[in-house]
*Asks:* 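Structure below; questions to follow.
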Amino acid sequence: MRATRVAVVGGGLGGLTAAALLVRGGCEVTLYERAKHLGGRAQTSEVEGFRFNLGPHALYRGGAAMRVLGSLGVKPQGGIPGEGSYALRAGRLHTLPRGAVSLMTTDVLTLAGKLELARLLAGLPRIDVSSLARQSMREWLETRLSREDSRALVGALTRVSCYCADLDTLSAEVAVSQLQSALAANVLYIDGGWSTLVDALEARAREAGVRLELSARVESVVHAQAHEAGAGANPVAIHGHAAEARVYGLRLADGTVHEVDAVVLAGSPGDVASLVPGDAVLAREAAEAVPVKAATLELGLSGLPRPEALFALGIDGPWYVSVHSASARLAPEGGAMVHVMKYLGGADAEAREAELEAVMDALQPGWREHVVARRFRPNLTVSHLLPGAKSGGLSGRPTARVPHVSGLFRVGDWVGPEGMLADASFASAESVARALLQTQHLEPRRAVGA
Ligand SMILES: Cc1cc2nc3c(=O)[nH]c(=O)nc-3n(C[C@H](O)[C@H](O)[C@H](O)COP(=O)(O)OP(=O)(O)OC[C@H]3O[C@@H](n4cnc5c(N)ncnc54)[C@H](O)[C@@H]3O)c2cc1C
């Protein structure tokens with residue numbers, strides 16, 4: 001019985017994870033990445049000794065990424081943030097409520113707001129999110145909290161845990177489960193940056209035999225209608241329906257065609273649609289996907305004017321600033337690596353660098369005299385799809401298996417019913433591997449789309 005031949009298109013965290021899991025399960029795997037290097041949005045660049053992720057990156061300690069990395073023997077190293085945290089309102093810092101004492105002492109909430117928030121947070125772990133998929137986070141806040149100040153605070157916590165400012169669209173199922181995860185297990189800032197995760201996954205993939213092709217842009221998936229594909233191309237029953245088409249190869253930008261049994265697409269919804277030209281379902285999914293965006297200012301400083309002030313979260317606006325090097329090794333000795341961010345979305349879809357500088361002025365007045373390196377990025381895609389209430393939350397996201405094309409799968413932070421951000425990329429990679437490996441043991445070649 002020969003191994004199932006799988007091509008993975010995309011060498012970010014999702015594609016690398018899928019490749020590593022599949023090769024370990026016995027598939028013959030080639031991964032194609034159009035860039036010169038692996039990592040996608042999990043890249044880290046070194047500037048003057050500072051390790052800049054592509055905007056602030058934090059790994060959810062209770063999420064799918066930790067589980068899947070663990071199953072591959074990768075144990076991320078780093079630190080848990082939390083000290084020196086403030087709430088930012090009207091340009092001024094206030095104590096950020098993080099526990100009973102700070103909740104009682106902060107002046108960012110009224111007494112009535114404090115009591116309401118305390119009640120909500122005490123019951124949060126027990127909330128069953130499954131019934132909240134079609135309710136927006138705004139609606140949920142309005143039904144659960146009567147005070148403007150407590151709503152604003154939970155809105156800010158939602159922004160920081162989902163990276164999403166559009167609470168009118170975001171499904172409450174997603175927002176509340178992210179809050180539950182963040183409050184129960186917190187996050188990890190990674191020593192050396194997220195490229196260390198990429199390096200570890202690359203090493204696992206190579207050791208197990210994945211062929212990695214860099215600077216290799218895939219142009220299209222070669223597929224055929226089931227009845228056209230010739231001998232051995234039996235249509236495969238999927239949930240009782242015959243798949244309309246099946247995959248049998250890949251065409252690269254250099255014109256070469258590679259025959260495969262299954263293809264895993266690990267790019268954006270737009271990438272997936274363009275790789276399968278003429279597919280109306282994939283084109284519609286790409287057109288309908290609303291991305292989650294952010295503007296970021298990355299700063300490498302020779303030191304901090306206020307070493308005890310490490311984090312601030314906007315309460316009356318979509319602001320975030322965090323000294324990542326206080327929790328993880330990301331700066332040279334004595335230096336500080338700081339991420340400032342504006343969550344974009346809803347009515348507020350743009351950012352000026354000066355707005356982010358003003359946030360830094362509030363946390364670290366005098367920071368400009370310490371700048372060694374800086375990088376402003378006005379419009380980054382944090383995640384390719386905002387799981388909205390209208391589409392049913394997480395279960396409304398496209399499935400990992402492309403139902404109407406046998407042998408075609410996808411992976412990413414916009415795919416499948418589990419997790420947000422990188423957690424979704426890892427979870428969808430795991431589910432593709434599970435599906436393909438299960439069917440491989442039944443019958444390679446014909447069963448890849450079953
Ligand atoms: C500012 C910012 C902050 C973030 N913060 C967090 C955070 O705190 N926590 C968290 O969990 N996540 C965070 N994320 C999200 C996280 O970075 C992504 O979810 C994750 O890296 C996505 O990995 P991926 O492999 O699914 O996609 P990508 O990293 O986008 O990789 C896709 C790859 O596919 C390649 N590709 C596409 N088409 C082709 C083709 N035709 N041929 C060959 N190659 C192709 C691309 O070049 C790319 O390398 C953040 C993102 C940003 C931008």
Side-chain angles (χ1 to χ4, degrees), residues 7-19 30-44 52-61 63-66 69 76 81 160-164 178 181-182 187-190 193-195 197-198 201 212-221 250-254 263-276 291-298 320 322 324 339-344 351 375 377-385 400 410-416 419-429 432:
V8 177
V9 183
L13 293 175
L16 275 169
T17 301
T30 307
L31 181 147
Y32 301 92
E33 168 55 55
R34 66 186 165 200
K36 283 198 218 103
H37 52 79
L38 296 165
R41 282 169 289 153
Q43 61 189 264
T44 305
F52 286 151
N53 288 326
L54 196 61
H57 272 72
L59 202 62
Y60 284 85
R61 294 173 70 232
M66 288 297 260
L69 286 166
V160 71
S161 50
C162 296
Y163 278 72
C164 175
Q178 281 295 106
S181 166
V187 297
L188 195 66
Y189 290 172
I190 309 288
W194 276 41
S195 66
L197 303 179
V198 176
L201 286 170
L212 293 163
E213 303 279 348
L214 298 180
S215 303
R217 191 171 67 77
V218 174
E219 199 168 82
S220 59
V221 172
L250 271 189
R251 179 172 292 106
L252 267 61
D254 66 8
V263 173
V264 180
L265 301 177
S268 68
D271 291 330
V272 168
S274 70
L275 286 166
V276 192
V292 176
K293 299 269 195 171
T296 67
L297 176 62
E298 292 139 25
Y320 163 106
S322 179
H324 278 232
H339 283 289
V340 192
M341 180 161 64
K342 179 178 183 184
Y343 305 98
L344 303 178
R375 200 165 65 163
R377 296 179 179 268
N379 197 345
L380 288 173
T381 297
V382 175
S383 151
H384 287 300
L385 188 149
R410 54 201 160 185
V411 155
D413 54 20
W414 53 284
V415 176
M420 279 283 279
L421 307 160
D423 282 326
S425 296
F426 281 98
S428 51
V432 165

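We count ligands from 1, going down the list as the structure has it; atoms in each ligand are counted the same way. A quick note: this is a predicted structure, and the numbers were derived from the prediction, not measured.
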*Asks:* So, does Arg61 use its side chain to make a donor-acceptor pair with the main chain of Leu188 at under 3.5 Å?
*Replies:*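 Checked: no pair found.
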*Asks:* Under 4.0 Å from a heavy atom of Gly14: which atoms of ligand 1 are those, numbered in the order shown and with their elements?
*Replies:*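 Within the 4.0 Å cut-off of Gly14, ligand 1 contributes 24 (P), 25 (O).
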*Asks:* For atom 31 (O) of ligand 1, find the nearest protein heavy atom and state the residue, atom name and distance (0.1 Å precision).
*Replies:* Gly12 CA, 3.6 Å
*Asks:* Without swapping roles, check the side chain of Thr44 against the backbone of Trp194 for a donor-acceptor pair under 3.5 Å.
*Replies:* yes
*Asks:* Give yes or no for whether the N/O distance cutoff of 3.5 Å, strictly under, is met between Tyr60 and ligand 1.
*Replies:*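 Tyr60 vs ligand 1: no N/O contact under 3.5 Å.
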*Asks:* Can you pull out the closest protein heavy atom to atom 42 (N) of ligand 1? Residue, atom name and distance to 0.1 Å, please.
*Replies:* Val218 N, 3.0 Å
*Asks:* Of the backbone atoms (N, CA, C, O) and the side-chain heavy atoms from C-beta on, which set of Ala422 has a member under 4.0 Å from an atom of ligand 1: side chain, backbone, both, or neither?
*Replies:*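 Under 4.0 Å from ligand 1, Ala422 contributes backbone and side-chain atoms.
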*Asks:* At under 4.0 Å between heavy atoms, is it the side chain or the backbone of Ala266 that contacts ligand 1, or both, or neither?
*Replies:* backbone
*Asks:* Heavy-atom distances under 4.0 Å are what count here, so tell me which part of Leu421 touches ligand 1: side chain, backbone, both or neither.
*Replies:*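 Under 4.0 Å from ligand 1, Leu421 contributes backbone and side-chain atoms.
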*Asks:* So which protein heavy atom does atom 30 (O) of ligand 1 come closest to, and at what separation?
*Replies:* Arg41 NE, 2.9 Å
*Asks:* Before signing off on this row, confirm whether Ala35 and ligand 1 have an N or O atom pair separated by under 3.5 Å.
*Replies:* no
*Asks:* Does Glu33 reach ligand 1 with a nitrogen or oxygen that is under 3.5 Å from one of the ligand's nitrogen or oxygen atoms?
*Replies:*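 The answer is yes, given that Glu33 and ligand 1 share an N or O pair closer than 3.5 Å.
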*Asks:* Can you find an N or O of Arg217 that's nearer than 3.5 Å to an N or O of ligand 1?
*Replies:* no
*Asks:* Are the side chains of Leu69 and Leu201 in touch, meaning some heavy atoms are under 4.5 Å apart?
*Replies:* yes
*Asks:* Would you call Thr381 and Lys293 a side-chain contact if the rule is heavy atoms closer than 4.5 Å?
*Replies:* yes
*Asks:* So, do Leu250 and Val221 sit near enough that their side-chain heavy atoms are less than 4.5 Å apart?
*Replies:* yes
*Asks:* Within the structure, does Gly267 bring an N/O atom to less than 3.5 angstrom of an N/O atom in ligand 1?
*Replies:* no
*Asks:* So does Ala65 get a backbone contact from the side chain of Asp423, meaning a donor-acceptor N/O pair under 3.5 Å?
*Replies:* yes
*Asks:* Quick one, Met420 and Tyr163 - any side-chain contact, counting heavy atoms below 4.5 Å?
*Replies:*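 No. Closest side-chain heavy atoms not under 4.5 Å.
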*Asks:* Taking the side chain as C-beta and beyond, is there a heavy-atom pair between Met66 and Leu59 under 4.5 Å?
*Replies:*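 Yes, their side chains come closer than 4.5 Å.
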*Asks:* Under a 4.0 Å heavy-atom limit, does Ala216 contact ligand 1 with its side chain, its backbone, both, or neither?
*Replies:*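 Looking at Ala216 and ligand 1, just backbone atoms fall under 4.0 Å.
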*Asks:* Among all the protein's non-hydrogen atoms, which is closest to atom 43 (C) of ligand 1, and how far away is it?
*Replies:* Arg34 N, 3.1 Å
*Asks:* For the side chain of Ser195 and the backbone of Gln43, is there at least one donor-acceptor N/O pair under 3.5 Å apart?
*Replies:* no
*Asks:* Can you tell me which residue and heavy atom of the protein come closest to atom 8 (O) of ligand 1, and the distance to 0.1 Å?
*Replies:*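 In this structure, atom 8 (O) of ligand 1 has Tyr163 OH, 2.6 Å as its nearest protein heavy atom.
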*Asks:* So, Ser428 side chain and Ala400 main chain: donor-acceptor pair closer than 3.5 Å or not?
*Replies:* no
*Asks:* Less than 4.5 Å apart, any side-chain heavy atom of Leu38 and any of Leu31?
*Replies:* yes
*Asks:* Among all protein heavy atoms in this structure, tell me which lies nearest to atom 2 (C) of ligand 1, with the distance rounded to 0.1 Å.
*Replies:* Leu54 O, 3.4 Å
*Asks:* Does Thr381 approach ligand 1 within less than 4.0 angstrom via side chain, backbone, both or neither, non-hydrogen atoms only?
*Replies:*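 Contact part for Thr381 vs ligand 1: backbone (N, CA, C, O).
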*Asks:* May I ask you to test the Arg34-Asp271 pair for a side-chain heavy-atom distance under 4.5 Å?
*Replies:* yes
*Asks:* Would you kindly specify which portion of Asp271 sits under 4.0 Å from ligand 1, judged on non-hydrogen atoms: side chain, backbone, both or neither?
*Replies:*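 Asp271 to ligand 1: side-chain contact only, backbone stays beyond 4.0 Å.
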*Asks:* Quick test of your reading of the structure: of Glu213, Glu219, His37, His57, whose heavy atom lies closest to atom 16 (C) of ligand 1?
*Replies:* His57
*Asks:* Has ligand 1 got any nitrogen or oxygen that is less than 3.5 angstrom from a nitrogen or oxygen of Leu380?
*Replies:*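 Leu380 vs ligand 1: no N/O contact under 3.5 Å.
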*Asks:* Could you tell me, atom by atom, which parts of ligand 1 come under 4.0 Å of a heavy atom of Gly412?
*Replies:* 26 (O)
*Asks:* Checking a contact table here: which protein heavy atom is nearest atom 18 (C) of ligand 1, and how many Å away?
*Replies:* Asp413 OD2, 3.7 Å
*Asks:* Test your reading of the model: is there a side-chain donor-acceptor pair from Glu298 to the backbone of Gly55, 3.5 Å cut-off?
*Replies:* yes
*Asks:* Take the angle between the ring planes of Tyr343 and Tyr320 and call it parallel below 30°, perpendicular above 60°, tilted in between.
*Replies:*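 Plane angle over 60°, so perpendicular.
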*Asks:* Can you find an N/O atom of Pro56 closer than 3.5 Å to an N/O atom of ligand 1?
*Replies:* yes
*Asks:* For Arg251, look at atom CZ and say whether over 12 heavy atoms of other residues, nucleotides or ligands are found less than 6.0 Å away.
*Replies:*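 For Arg251, atom CZ is not crowded (no more than 12 foreign heavy atoms under 6.0 Å).
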*Asks:* Could you list the atoms of ligand 1 found under 4.0 angstrom from a heavy atom of Tyr32?
*Replies:*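 In order of number, 43 (C), 44 (N).
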*Asks:* Show me which atoms of ligand 1 lie under 4.0 Å from any heavy atom of Ser425.
*Replies:*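 Under 4.0 Å from Ser425, ligand 1 has these atoms: 22 (C), 23 (O), 24 (P), 26 (O).
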*Asks:* Tell me, which protein residue and heavy-atom name are nearest atom 9 (N) of ligand 1, and how many Å apart are they?
*Replies:* Ala58 O, 2.8 Å
